[in-house]
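Read the structure below first, then the notes.
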Amino acid sequence: MMSTAHRVPSASALTLADLEALDRGDRLRALHDAFTAPDALVYLGSNSLGPLPRETPARLQEVVARQWGQDLLRGWTAHDWIGAPHRVGDKIARIIGAGQGEVAVADSTSVNLFKLLTAACRLQPGRSVILSEPGNFPNDLYVAQGLRAMSDGRIQLRLVSADQIETAIDERVAVLLLTHVHYKTSAVHDMARITERAHRQGALTLWDLSHSAGAVPVNLDAAQVDFAVGCGYKYLCGGPGAPAYLFVAQRHQAATVSPITGWLGHAQPFDFVDDYAPAAGIGRFLAGTHPILGIAALEVGIDLMLQADAQARVDKSRALTDLFITLVESRCAGLGLQLGSPREAATRGSHVAFRHDQAYAVMQALIARGVIGDFRAPDLMRFGFAPLYNSYTDSWHAAEALREVLQTAVWDRPEFRQRRAVT
Ligand SMILES: *Cc1c(COP(=O)(O)O)cnc(C)c1O
């Protein structure tokens with residue numbers, strides 16, 4: 001249920017003043033001021049790169065100038081650099097419903113995916129299929145294809161559409177690999193139901209939480225999820241290229257091994273023995289030396305997220321995205337837009353997609369007006385709403401800018417049609 005503070009008046013009657021009132025009543029408003037907000041910008045890109053927490057530059061300055069500059073290698077123990085993947089992993093665990101010791105910060109999402117997918121397949125020697133869906137984030141399919149290529153024919157990749165997934169899980173499926181919130185449409189899979197269905201068929205599950213953590217409710221332990229990975233730079237606000245995280249359910253930890261048997265995943269890395277022996281627990285999924293500066297920045301974002309009440313975050317995310325859909329559909333009616341996301345808030349992530357046949361140029365024209373979302377081929381515009389950062393008036397200004405761009409057809413200028421390397 002939405003709390004009273006987040007209830008939005010009906011579409012036709014809405015005024016900017018109503019939304020300003022909602023912003024004043026917003027329980028999470030104080031957290032907005034914990035972020036750097038560039039002037040005159042409506043930033044709706046947290047599903048791609050979360051905004052900068054105000055504290056991050058000072059924290060990085062401290063880690064660089066004092067910890068590194070003055071304490072040098074003593075920092076590994078004096079500042080517990082060595083324990084950072086576990087310390088911050090345990091904090092992320094609280095956001096995704098995992099237990100202490102089940103999450104570690106490491107590498108990139110892609111590398112973590114490779115490690116856990118390989119480990120999961122090895123737990124299932126009699127099974128050969130990785131099951132996923134077409135249109136999953138391509139990276140995740142590429143990593144599965146790489147594993148298949150290394151397997152000498154043992155591993156197959158099978159893709160079936162989202163509505164067929166549950167019935168396609170059979171005794172050949174080793175691992176079900178799904179992204180919880182779809183990167184384009186924002187559609188949410190029913191994690192608990194699908195995981196239960198997979199387990200009934202003896203399959204393991206690996207969920208990608210890149211668009212979920214901090215945006216929608218996630219409870220890995222309640223859903224009995226086996227493995228998960230996720231990204232640090234989207235809603236978690238860890239900064240561009242922030243380290244990612246991985247989750248291995250406690251019950252699997254002793255039996256699973258990482259295919260990247262690096263020294264920081266060794267039981268006794270500082271014994272420097274010749275033979276690999278995995279660390280007890282989640283530590284065995286670490287590979288090489290972790291990026292202390294990257295983890296320091298990520299920890300600031302995680303700490304902010306933990307300051308927000310989880311239910312308040314979810315309520316606000318749903319209210320902001322509901323409001324945006326309502327505003328766009330009422331103000332931009334007849335201008336060629338089509339909702340590309342689920343209408344029901346509980347089955348939607350924290351971004352909203354709209355289709356338009358000139359989506360790329362329209363988004364470029366919006367960006368030129370200071371409304372920042374992004375484009376995904378062939379025809380989607382994505383607008384990401386971060387509950388800690390965005391306001392109800394952001395939805396208003398974005399919808400108004402969209403109406404102006406479409407009504408005036410300003411998008412039809414050559415400079416907006418020019419494709420850039422990053423969309
Ligand atoms: C953002 C994202 C990633 C990121 O992977 P990187 O290794 O950080 O580039 C992975 N999976 C999904 C579903 C994502 O949305």
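When a ligand or atom number is given, it counts from 1 through the structure's own listing order. Residue numbers count from 1 along this sequence. Values reported hereafter were calculated over all heavy atoms of this structure, with side chains retained and with hydrogens, waters and symmetry mates removed.
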Please state which part of N136 comes within less than 4.0 Å of ligand 1, counting heavy atoms only: side chain, backbone, both or neither.
neither
Among non-hydrogen protein atoms, atom 9 (O) of ligand 1 lies closest to Y233 OH, 3.4 Å
Tell me: protein heavy atom nearest atom 14 (C) of ligand 1, and distance?
K234 NZ, 2.8 Å
Residue S108 vicinity, atoms of ligand 1 by number, heavy atom under 4.0 Å
7 (O)
N/O of Y183 under 3.5 Å from N/O of ligand 1, yes or no?
no
With the side chain counted from C-beta on, respond yes when L293 and V64 share a heavy-atom pair under 4.5 Å apart, and no when they do not.
yes
Short side-chain donor-acceptor distance under 3.5 Å, D303 and Q307:
no
Among all protein heavy atoms, pick the one closest to atom 13 (C) of ligand 1 and tell me residue, atom and distance.
D208 OD2, 3.2 Å
So, the side chain of S48 versus the backbone of G45: is there a donor-acceptor pair under 3.5 Å, distance only?
no
Donor-acceptor pair between H79 and D71 side chains, under 3.5 angstrom
yes
Decide whether an N or O pair under 3.5 Å exists between T179 and ligand 1.
no
Is there a side-chain contact between S186 and V181 in this structure, where contact means two heavy atoms from C-beta onward sitting under 4.5 Å apart?
yes
